[in-house]
Each structure stands twice: as C-alpha cells, then as structure tokens.
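Since the structure comes first, as structure tokens, the remarks are kept for the end.
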Amino acid sequence: MTLHPQTGVFGDWDGSIIAARSLQSELAQRVSLRDDFPEPQVLAGFDVGFEEDGAVTRAAVVLLDATTLQPIESHIARVATSMPYVPGLLSFRELPALMAALAMLTRTPELVFVDGQGIAHPRRLGIAAHFGVATGLPAIGVAKKVLAGRHDEPGPTPGDRAALMHRGEQIGWALRSKLRCNPLIVSPGHRISLDTAVGWVMRTLKGYRLPEPTRLADRIASRRGELATSVAAAIDKDSLF
DNA sequence: GCGACAG
DNA sequence: ATCTTGTCGC
C-alpha cells in the first residue's frame with residue numbers, strides 16, 4: 001500500500017479500514033479551527049459525482065465572486081476511481097478528483113466550500129477537513145445529512161440553527177437554510193471556526209437550500225459535463241447559469 | 001447485540 | 001453517488 005505524504009491519500013488501497021481510520025486520526029490533528037484568512041475576494045465550491053458505473057470520479061469546481069456570488073469560471077476533472085465507498089472513509093475516495101479540479105483553477109480562492117462534512121465526522125476528518133489539510137486552504141463542509149452526532153430540530157425560520165453534538169463536544173451546526181427544507185449540516189473544514197463557518201453559509205445563501213458555491217458546483221456536475229470544462233466553458237458561462 | 005452510516 | 005416521471009404541497 002502506497003501513501004501520498006502531502007495529501008494522505010492512498011495510491012493503492014489494500015482494503016485496510018483500520019489503517020485508513022488511524023491515518024484519519026493523525027491528519028485530524030492538523031486541522032485548525034481558528035479563523036485566520038483574509039476577507040475573501042473569490043470563493044470556490046466543489047462537488048463530486050460518478051460516471052461509468054462508478055469507475056470514473058468526477059469533481060466539479062466553480063469559482064465565484066465573494067461579493068456578488070456570480071460565477072467566474074468552472075471546471076470538471078475526471079479521474080479513475082480507486083476505492084469503494086465506505087461510510088467514514090469518503091475523503092480517500094473523492095480527494096484525488098478534488099485535487100485535480102483545484103489544479104485547473106486560474107487563481108486560488110481564499111475560502112472553499114465542499115459538499116460533505118468538515119469536522120462533523122467520527123474522527124473529525126470529513127472530506128472538507130481532509131481537503132483543507134491537504135491543500136492548506138480555509139474550508140467549510142456543507143452536508144445534506146448527518147454522519148456523526150445528533151442535534152435538536154432547528155427552528156423553522158431560515159437562519160435558525162441547532163448545535164450538532166458528538167461525544168460531548170460541538171462538531172457542527174444543523175442550519176435551516178430555507179423554509180420547509182431539511183437543515184444543512186455545516187462544520188468547519190480547516191482554518192475556520194464553527195461560528196464563522198455558519199456565518200459564511202448564511203452569507204452565501206440566495207434563496208435555495210444550498211449556498212451558492214455548492215449549489216453552482218452541483219449544477220455543472222449534474223450536467224454530466226457535456227457543456228462545461230476548462231476556460232472555454234467559463235467564458236460561455238451565460239448559457240450555463 | 002442492534003442500528004446508523006457524508007457522497 | 002446513481003437509475004428516473006409524475007406529482008403533492010407551498
């Protein structure tokens with residue numbers, strides 16, 4: 001079994017869930033929950049999907065203006081899938097594609113949103129936290145379901161939230177982002193605090209359940225990439241959004 | 001032991 | 001995640 005030292009991703013996984021879990025615990029120690037990033041100029045949203053019956057992992061990334069939330073550019077990366085889906089080990093399966101998508105950007109975002117958990121994970125290393133540690137970028141995890149922990153039902157009004165608790169500590173927030181919609185599970189990925197993370201999700205909502213970074217990445221990802229990819233798609237973005 | 005289990 | 005139309009409720 002080989003391991004990529006910088007990202008903590010297995011080059012070829014030997015199927016050892018035990019080894020993967022202990023590696024997560026080690027990487028989790030590098031996660032910072034301190035707010036230490038400048039006022040963002042550009043944000044990025046990432047989403048992962050699969051093609052060819054799971055043989056190909058597809059990552060979509062959208063770069064957007066932090067003030068207007070308008071998309072600037074988008075890309076889709078495809079890599080061969082190297083691991084099966086195992087609850088709790090999601091990042092090892094999806095990280096390679098996320099890294100490939102990040103490499104396609106023409107500029108680096110100051111804050112990234114990833115579809116999935118940040119520290120709201122059994123060992124505090126959901127995909128947003130793993131991605132944050134692997135890239136060093138400030139990251140927020142926005143998931144549609146709970147993986148670890150429990151929470152009370154948040155109030156019905158957008159903005160209402162309830163703490164997500166696990167083993168005596170708060171690991172995230174169940175946030176009502178839209179009326180009559182199930183709450184989002186928001187947790188810090190890296191270099192951001194619990195409160196600042198929800199604050200950014202609130203600040204990037206545009207009337208939909210998902211915040212713009214994640215919502216736009218979801219959109220181009222579900223188009224199966226027929227239209228999008230590379231800079232050409234970014235220039236032609238009016239036909240996409 | 002039983003149930004839960006991001007995407 | 002993915003296969004997929006209509007349909008119920010705001």
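All heavy atoms count here, side chains included; hydrogens, waters and symmetry mates do not. In what follows, chains carry the letters A, B, and so on, assigned in the order in which the sequence lines appear, proteins first and then strands, with residues in each chain numbered from 1.
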Within the 4.0 Å heavy-atom criterion, would you say A:L89 contacts the bases, only the backbone, or no part of the nucleic acid?
base
Only Watson-Crick and G-U wobble pairs with both distances less than 3.5 Å should count. Give DNA chain B in dot-bracket notation, marking inter-strand partners with |.
.......
The first and last nucleotides of DNA chain B lying within contact of chain A, meaning any atom under 4.0 Å from one of its heavy atoms, run from B:dC5 to B:dG7
Atom CD of A:E94 and atom C1' of C:dA1 are separated, to the nearest Å, by 8 Å
May I ask you to say what A:G49 touches in the nucleic acid, namely base, sugar-phosphate or nothing, with a heavy-atom cut-off under 4.0 Å?
sugar-phosphate
Going by ring pair (Phe, Tyr, Trp, His ring centres under 6.0 Å), name the residues that satisfy it together with A:F113, two or more places apart in sequence or in a different chain.
none
Going hydrophobic residue to hydrophobic residue with side-chain gaps under 4.5 angstrom, can you get from A:V86 over to A:L23?
yes
Could you work out, with side-chain contact (heavy atoms from CB on, under 4.5 Å) as the rule, every residue matching A:T108, not counting sequence neighbours?
A:L137
For A:H130, which residues count as a ring pair (Phe, Tyr, Trp, His ring centres under 6.0 Å) partner, sequence neighbours excluded?
A:F92
Partners meeting side chain to side chain donor-acceptor pair (under 3.5 Å) with A:E39 (sequence neighbours left out):
A:R203
Would you mind classifying the nucleic acid contact of A:V86 as base, sugar-phosphate or nothing, using non-hydrogen atoms under 4.0 angstrom?
nothing
Can you pull the ring pair (Phe, Tyr, Trp, His ring centres under 6.0 Å) pairs that have at least one residue in residues 147-168 of chain A, sequence neighbours excluded?
none
With a 4.0 Å cut-off on heavy atoms, is A:G54 in touch with a base, just the backbone sugar-phosphate, or nothing at all?
nothing
Per-nucleotide protein contact along nucleotides 5-10 of chain C, 5' to 3', at a 4.0 Å heavy-atom cut-off (B base, S sugar-phosphate only, - neither), is -----S
Polar side chain donor-acceptor pair, A:E94 to A:T57, under 3.5 angstrom
no
Under the side-chain contact (heavy atoms from CB on, under 4.5 Å) test, which residues partner A:K145, sequence neighbours left out?
none
Which residues pass the salt bridge (Lys or Arg N to Asp or Glu O under 4.0 Å) test with A:E52, sequence neighbours left out?
none
Using Watson-Crick and G-U wobble pairs whose two distances are both under 3.5 Å, how do you write the pairing of DNA chain C as dot-bracket, with | for links to another strand?
..........
One should read off an interatomic distance between A:D35 CG and A:S193 OG, to the nearest 0.5 angstrom, of 3.5 Å
Indicate if A:V198 and A:Y208 have the same hydrophobic cluster label, given that clusters are the connected sets of ILVMFWY residues with side-chain heavy-atom separations under 4.5 angstrom.
no
For the residue pair A:I140 and A:L111, establish whether any side-chain heavy-atom pair is separated by less than 4.5 Å.
yes
A:Q170: side-chain contact (heavy atoms from CB on, under 4.5 Å) partners, not counting sequence neighbours
A:A163, A:M165, A:W173, A:L194
